[in-house]
Asks: 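Handing you a structure now.
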Amino acid sequence: MALLAPSILSADFGNLQRDFEMLNESKADWFHVDVMDGVFVPNISFGFPVLKALKKVAQKPIDVHLMVVNPEKYIEEFREAGADIITVHAEACPHLHRTIQQIKASGAKAGVSLNPHTPVSTVKHLLADMDMLLLMSVNPGFGGQKFLPLVYDKLEELSHIRPKNLVVEIDGGVDLNNCGQLVQSGADVLVAGSAVFNTDSPTETIGKFKQLIG
Ligand code: DX5
Ligand code: ZN
């Protein structure tokens, strides 16, 4: 049984309220919020105002994925804006252990994300400190990219060393064809952006995902 976290990066920005409410009413489990700064990744998305607008209506946990440099500068502000889970990139944090403690002190759950080329071994000493490990299955920065199967190797490696309570999330290129295998390989939460929103009925697509993974 796994969770689905649709990414609002692929929502209709002219009708965000409508899409937030659609997700509330759907079988989706979390809201996935992709924050990009144009420095850590070659794209700029959105920040606090959009998160605050979501928080006003969200009836499900808000999973904030920070693709930014120096994320430690903004942890408390993201928590206050409504984040339930705050995920930082290992590649953006020279003092990752300290940043994890900072996220926990803010009251949020602490997630750590790894780019496709970053080995799981980079964070093996911190797996017990973090609440969630987010494995990128595309190079972060854009929705709608092709899934990188190298993430299966990482899931296999993790299966031997993961602490019982660690939540493993997969993000990038997840669709109805690969979701089942990802969950069988150990994923607990799947992020899906374009596979949910670029369909005629996102609500029905979410239902199909949940049938396959839930
Ligand atoms: C990519 C983001 C993803 C993205 C996923 O940098 O972290 O969350 O929105 O989009 P899809 O599911 O379309 O690959
Ligand atoms: Zn993401």
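The shown structure was predicted, so the numbers you read here are calculated from the model rather than taken from an experiment. Just follow the structure's listing: the first ligand is 1, and inside any ligand the first atom is 1.
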Asks: To check your reading of the site, what angle at the Zn ion (ligand 2) do OD1 of Asp34 and OD2 of Asp171 form, to 10°?
Replies: 170°

Asks: If you measure every N/O of Gly141 against every N/O of ligand 1, is any gap under 3.5 Å?
Replies: yes

Asks: Provide, to 0.1 Å, the distance between atom 14 (O) of ligand 1 and the closest protein heavy atom, together with that atom's residue and name.
Replies: Gly173 N, 2.8 Å

Asks: Identify, by atom number and element, the atoms of ligand 1 in contact range of Ser7, meaning under 4.0 Å from any of its heavy atoms.
Replies: 8 (O), 9 (O)

Asks: To which of Asn43, Val196, Asn115, Asp171 does the heavy atom nearest atom 5 (C) of ligand 1 belong?
Replies: Asp171

Asks: Is the shortest side-chain N to carboxylate O distance from Lys60 to Asp29 below 4.0 Å?
Replies: no

Asks: Within a distance under 4.0 Å of any heavy atom of Ala192, pick out the atoms of ligand 1 and give their elements.
Replies: 12 (O)

Asks: Among all protein heavy atoms in this structure, tell me which lies nearest to atom 13 (O) of ligand 1, with the distance rounded to 0.1 Å.
Replies: Ser194 OG, 2.6 Å

Asks: Please report which non-hydrogen protein atom sits nearest to atom 11 (P) of ligand 1, along with the residue it belongs to and the distance in Å to one decimal place.
Replies: Gly144 N, 3.6 Å

Asks: Does any donor atom in the side chain of Ser10 or Ser194 lie under 3.5 Å from an acceptor atom in the other side chain?
Replies: no

Asks: For His32, counting its heavy atoms only, list the atoms of ligand 1 lying under 4.0 Å from any of them.
Replies: 8 (O)

Asks: Around Arg98, counting heavy atoms of other residues, nucleotides and ligands shown, do more than 12 lie under 6.0 Å from its CZ?
Replies: no

Asks: With distance as the sole criterion, is a donor-acceptor pair present between the side chains of Ser185 and Glu156 under 3.5 Å?
Replies: no

Asks: Assess whether side-chain contact (heavy atoms from CB on, under 4.5 Å) is satisfied between Met67 and Val35, documenting all intermediate values.
Replies: CA-CA 6 Å; Met67 287 160 274; Val35 178; over 6 Å; no

Asks: With sequence neighbours excluded, give me every ring pair (Phe, Tyr, Trp, His ring centres under 6.0 Å) pair touching residues 18-37.
Replies: His32-His65

Asks: Looking at Lys104 and Asp129, does any basic side-chain N land under 4.0 Å from a carboxylate oxygen?
Replies: no

Asks: List every atom of ligand 1 that sits less than 4.0 Å from any heavy atom of Leu9, numbering the atoms from 1 in the order shown and giving each element.
Replies: 9 (O)

Asks: Measuring from the heavy atoms of Phe142, does anything fall under 4.0 Å of ligand 1?
Replies: yes

Asks: For Pro140, which part has a heavy atom under 4.0 Å from ligand 1: side chain, backbone, both, or neither?
Replies: both

Asks: Provide the number and element of each atom of ligand 1 under 4.0 Å from a heavy atom of Met67.
Replies: 6 (O), 7 (O)

Asks: Are Lys109 and Asp84 close enough, and set up right, to give a salt bridge (Lys or Arg N to Asp or Glu O under 4.0 Å), and what steps lead you there?
Replies: CA-CA 6 Å; Lys109 298 273 188 202; Asp84 295 295; over 6 Å; no

Asks: Could you tell me whether the side chain of Asp188 reaches within less than 4.5 Å of the side chain of Leu3, counting heavy atoms only?
Replies: no

Asks: Using only heavy-atom distances, determine whether the side chains of Asp34 and Ser45 contain a donor-acceptor pair under 3.5 Å.
Replies: no

Asks: Which residue and atom name correspond to the protein heavy atom nearest atom 12 (O) of ligand 1, and how close is it?
Replies: Gly193 N, 2.8 Å

Asks: If you count the atoms of ligand 1 from 1 in the order shown, which ones are under 4.0 Å from a heavy atom of Met36?
Replies: 6 (O)

Asks: Once rounded to 10°, what is the value of the angle centred on the Zn ion (ligand 2) between His65 ND1 and His32 NE2?
Replies: 100°

Asks: List for me each residue that meets ring-ring contact (aromatic ring centres under 6.0 Å, His included) alongside Phe142, sequence neighbours excluded, and say none if there are none.
Replies: none

Asks: Quick check: His65 and ligand 1, any N/O pair under 3.5 Å apart?
Replies: yes

Asks: Would you please determine whether Gly172 falls within less than 4.0 Å of ligand 1 on a heavy-atom basis?
Replies: yes

Asks: In terms of side-chain heavy atoms, does Gln59 have a donor or acceptor partner in Glu25 at a distance below 3.5 Å?
Replies: no

Asks: List ligand 1 atoms under 4.0 Å from Val191, heavy atoms only on the residue side.
Replies: 8 (O)

Asks: How close does the nearest protein non-hydrogen atom get to atom 10 (O) of ligand 1, and which residue and atom is it?
Replies: Gly143 CA, 3.5 Å

